Amino acid sequence: MNAGSLHNYSIDIENAVVSYREDVALRGVSLKVKSGEFVGIIGPNGAGKTTLLTIVNGMGRLLHGQVSVLGYTLTNGNGHSLRKKVGYVAQAQTIDPRMPISVREVAMIGRYGRLGLFRRPGKHDWEIVDTALDMVGMTHLARRPIGHLSGGEQQRVAIARCLAQEPEIFLLDEPTASLDWKAKTDILELVKRIHDARKLTTLFVTHDLSALPIACDRVVLMKDGLIRDEGSPGDLLTDVKLGQLYDMPVAEVEKRRGAAALA
Amino acid sequence: MDFSILTYPFMQNALLSAFLGGIACAVIGVFVVLLHMPFIGVCMSHAAFAGALLGLWLGFDPLIGAFAFSLGVAAIVGPLADRGELNPETSVGVLFSLMLGLAFLFMGLMPGPKSQALELLWGSILTNTRSDIIVLAVVAFLVVGIVLLFFKEIQATVFQRDMARSVGIPATLMLYGILFMTGATITASFSSIGGLLIFSLILNPAAAAYQLTYSLKRMFLLAAAFGVLSSWTGLFFSYLFNIPSGATIVITSSVIFAIAVIFSPKRKVKRWQKKLLVEKAS
């Protein structure tokens with residue numbers, strides 16, 4: 001199709017600039033991600049991490065630059081068909097416990113984009129949904145109202161919804177924020193397992209530094225709408241680099257990471 | 001009891017209007033409840049009232065004025081609600097008071113007797129004509145048809161709009177479609193129920209259904225059933241005691257809501273959660 005597929009890049013971002021009203025969210029970001037790669041993205045709040053994900057699934061509006069995903073060159077407003085191949089898990093959201101929708105129905109929403117208008121889910125779609133729920137360990141809660149589940153369980157269902165979508169790219173925007181430590185590690189392990197099993201290309205935004213070395217092939221450090229550094233987790237997650245990223249003296253980083261490791 | 005009243009054309013028209021209006025309003029109410037936009041609905045129904053009065057004053061069809069005004073409000077409020085970037089309640093509040101102000105301004109400027117204007121305020125289902133019923137029927141079929149045709153898109157949109165968008169569902173289009181249907185339903189039914197009361201026939205049956213089920217399909221069906229039940233029961237009491245039908249319909253729907261709350265299984269969940277909290281704390 002185009003250069004993206006020739007070089008086997010699933011995601012090819014060239015000098016992307018994105019702005020929301022007065023704020024510039026991305027100030028010229030370039031990133032190439034190979035098919036099958038697991039990339040972790042870290043950085044302080046407001047660094048542009050979420051915006052980076054939204055330009056990959058065609059929901060963000062580019063002011064400048066070029067984004068090519070799975071061989072599609074994205075222009076503003078044409079991300080519609082691409083989104084069906086890109087699974088997106090956002091931060092855990094509060095869901096009204098009275099919401100009239102079951103776990104199984106939420107997971108089925110992942111199929112809706114692929115099904116298109118006027119087509120109802122068939123037996124095949126329900127089988128895919130049930131397999132996905134099984135993979136995330138939520139089969140026993142499938143008939144429960146979604147609002148009755150815990151935050152960690154709801155995130156598992158969101159991941160099942162992405163699986164039901166049968167995506168090629170998996171975008172996760174702090175999926176473990178606000179979850180407890182066990183739920184965090186469970187979700188991370190699940191994401192890694194799915195990434196490997198489905199041979200996905202994964203972008204994972206997180207604040208959980210301890211999670212990165214276990215999961216990621218590559219880490220991208222972002223700050224002020226720019227990519228500051230990228231490389232292997234071992235090379236990048238040093239106290240010096242983190243100190244620069246978060247504007248903190250190295251000794252302080254060392255102290256806090258030591259404390260976090262003990263916790 | 002004497003049922004000969006049912007053979008009169010005006011009563012048949014009223015029953016048919018109550019049936020169609022009850023269904024359309026209740027189905028719209030499901031959206032209003034699930035999208036957490038009751039205030040937007042109130043605002044749109046008062047806009048319809050102001051628009052209709054403008055029509056009466058300047059001598060064009062009040063229905064056209066009502067439809068144009070409620071869609072105008074939807075066009076202002078829709079983008080705010082969709083982006084969710086500022087709390088839309090404040091702007092909706094301003095708009096709401098403006099609409100009420102305009103309504104009374106147009107009423108004040110109107111020469112001659114105000115009986116027609118007051119009729120729009122209280123509603124007059126007993127004077128509904130065949131053409132009123134045709135408008136109501138078209139809107140009811142449209143609303144029910146759209147829900148059947150786009151059920152899965154609607155389900156995803158009312159659950160989480162951003163998520164719906166991220167799987168490739170045109171959620172913004174769906175939201176505007178819903179606002180458009182709300183405007184159409186309010187316009188078609190407010191001369192029967194009354195500009196001030198129409199919103200409770202939208203909200204109450206759906207709010208009652210919301211208390212009773214965890215299935216969206218059942219919520220639509222229950223809401224429609226409650227809508228028709230409210231309208232018919234209200235009509236019956238209105239005839240029995242010779243009181244305004246709009247008021248009896250609204251009061252009936254409120255009573256149904258109260259009963260639904262009392263028997264709601266969802267309240268048990270809350271109690272059960274509270275119990276857990278208390279256990280944890282102690």
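This one's a predicted model, so the numbers in the text were calculated from it and none came from an experiment. Every chain is numbered from 1, with letters handed out A, B, ... down the list of sequences. Values below: every heavy atom of this structure, side chains too, minus hydrogens, waters and symmetry copies.
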Colleague: Quick check: closest heavy atoms across B/Y210 and A/P100, and the distance to 0.1 Å?
Modeller: CE1-CD, 3.8 Å

Colleague: Do you know the tightest heavy-atom contact between A/D224 and A/R27?
Modeller: O-NE, 3.0 Å

Colleague: Within the distance-only criterion (no hydrogens, no angle test), does the side chain of A/H195 pair as donor or acceptor with the backbone N or O of A/L200 below 3.5 angstrom?
Modeller: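 Yes; judged by distance alone, with no hydrogens or angles, the pair exists.
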
Colleague: Measure across B/S231 and B/G227 and return the closest heavy-atom pair with its distance rounded to 0.1 Å.
Modeller: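 Result for this residue pair: OG-O, 2.7 Å.
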
Colleague: For chain B, find which of A/K85, A/Q165, A/R111, A/R161 contributes the most heavy-atom pairs closer than 4.5 angstrom.
Modeller: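 Heavy-atom pairs under 4.5 Å are most numerous for A/R161.
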
Colleague: Relative to chain B, which segment of A/V86 carries a heavy atom at a distance below 4.5 Å: side chain, backbone, both, or neither?
Modeller: backbone

Colleague: Checking A/T176 side chain against A/L179 main chain: does a donor-acceptor pair fall under 3.5 Å?
Modeller: no

Colleague: Below 4.5 Å from any heavy atom of chain A, which atoms of B/F159 appear? Answer side chain, backbone, both or neither.
Modeller: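 When you check distances to chain A, atoms from both the backbone and side chain of B/F159 fall under 4.5 Å.
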
Colleague: For A/M59, is it the side chain, the backbone, both, or neither that has a heavy atom closer than 4.5 Å to a heavy atom of chain B?
Modeller: side chain

Colleague: Just to be sure I understand the criterion: a residue of residues 20-34 of chain B counts if one of its heavy atoms is under 4.5 Å from a heavy atom of chain A. Which ones qualify?
Modeller: B/L34

Colleague: Need one label for B/S166: side chain, backbone, both or neither, based on atoms under 4.5 Å from any heavy atom in chain A.
Modeller: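 Both backbone and side chain.
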
Colleague: Please say whether more than 12 non-hydrogen atoms of neighbouring residues, nucleotides or ligands are located less than 6.0 Å from CZ in A/R193.
Modeller: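 Atom CZ in A/R193 is crowded, with more than 12 foreign heavy atoms closer than 6.0 Å.
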
Colleague: So which of B/M163, B/M219, B/Q160 has the biggest tally of heavy-atom pairs under 4.5 Å with chain A?
Modeller: B/M163

Colleague: Is the shortest side-chain N to carboxylate O distance from A/R120 to A/D125 below 4.0 Å?
Modeller: no

Colleague: Which of the residues A/R114, A/R119, A/M108 is involved in the greatest number of heavy-atom pairs with chain B at under 4.5 angstrom?
Modeller: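 Of A/R114, A/R119, A/M108, A/R119 has the most heavy-atom pairs under 4.5 Å with chain B.
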
Colleague: Is A/L82 in contact with chain B via its backbone, its side chain, both, or neither, using a 4.5 Å heavy-atom distance?
Modeller: neither

Colleague: With salt bridge (charged side-chain N to carboxylate O under 4.0 Å, His left out) as the test, would you mind laying out the steps for A/K184 and A/D180 before giving the verdict?
Modeller: CA-CA 6 Å; A/K184 254 188 217 284; A/D180 65 38; over 6 Å; no

Colleague: Counting heavy atoms not belonging to B/F151, are there more than 12 under 6.0 Å from its CZ?
Modeller: yes

Colleague: Looking at A/V39, A/L70, A/I169, A/V69, which one forms a side chain to side chain contact (heavy atoms under 4.5 Å, CB included) with A/T201?
Modeller: A/I169

Colleague: Which bit of A/L171 comes within less than 4.5 Å of chain B, counting heavy atoms only: side chain, backbone, both or neither?
Modeller: neither

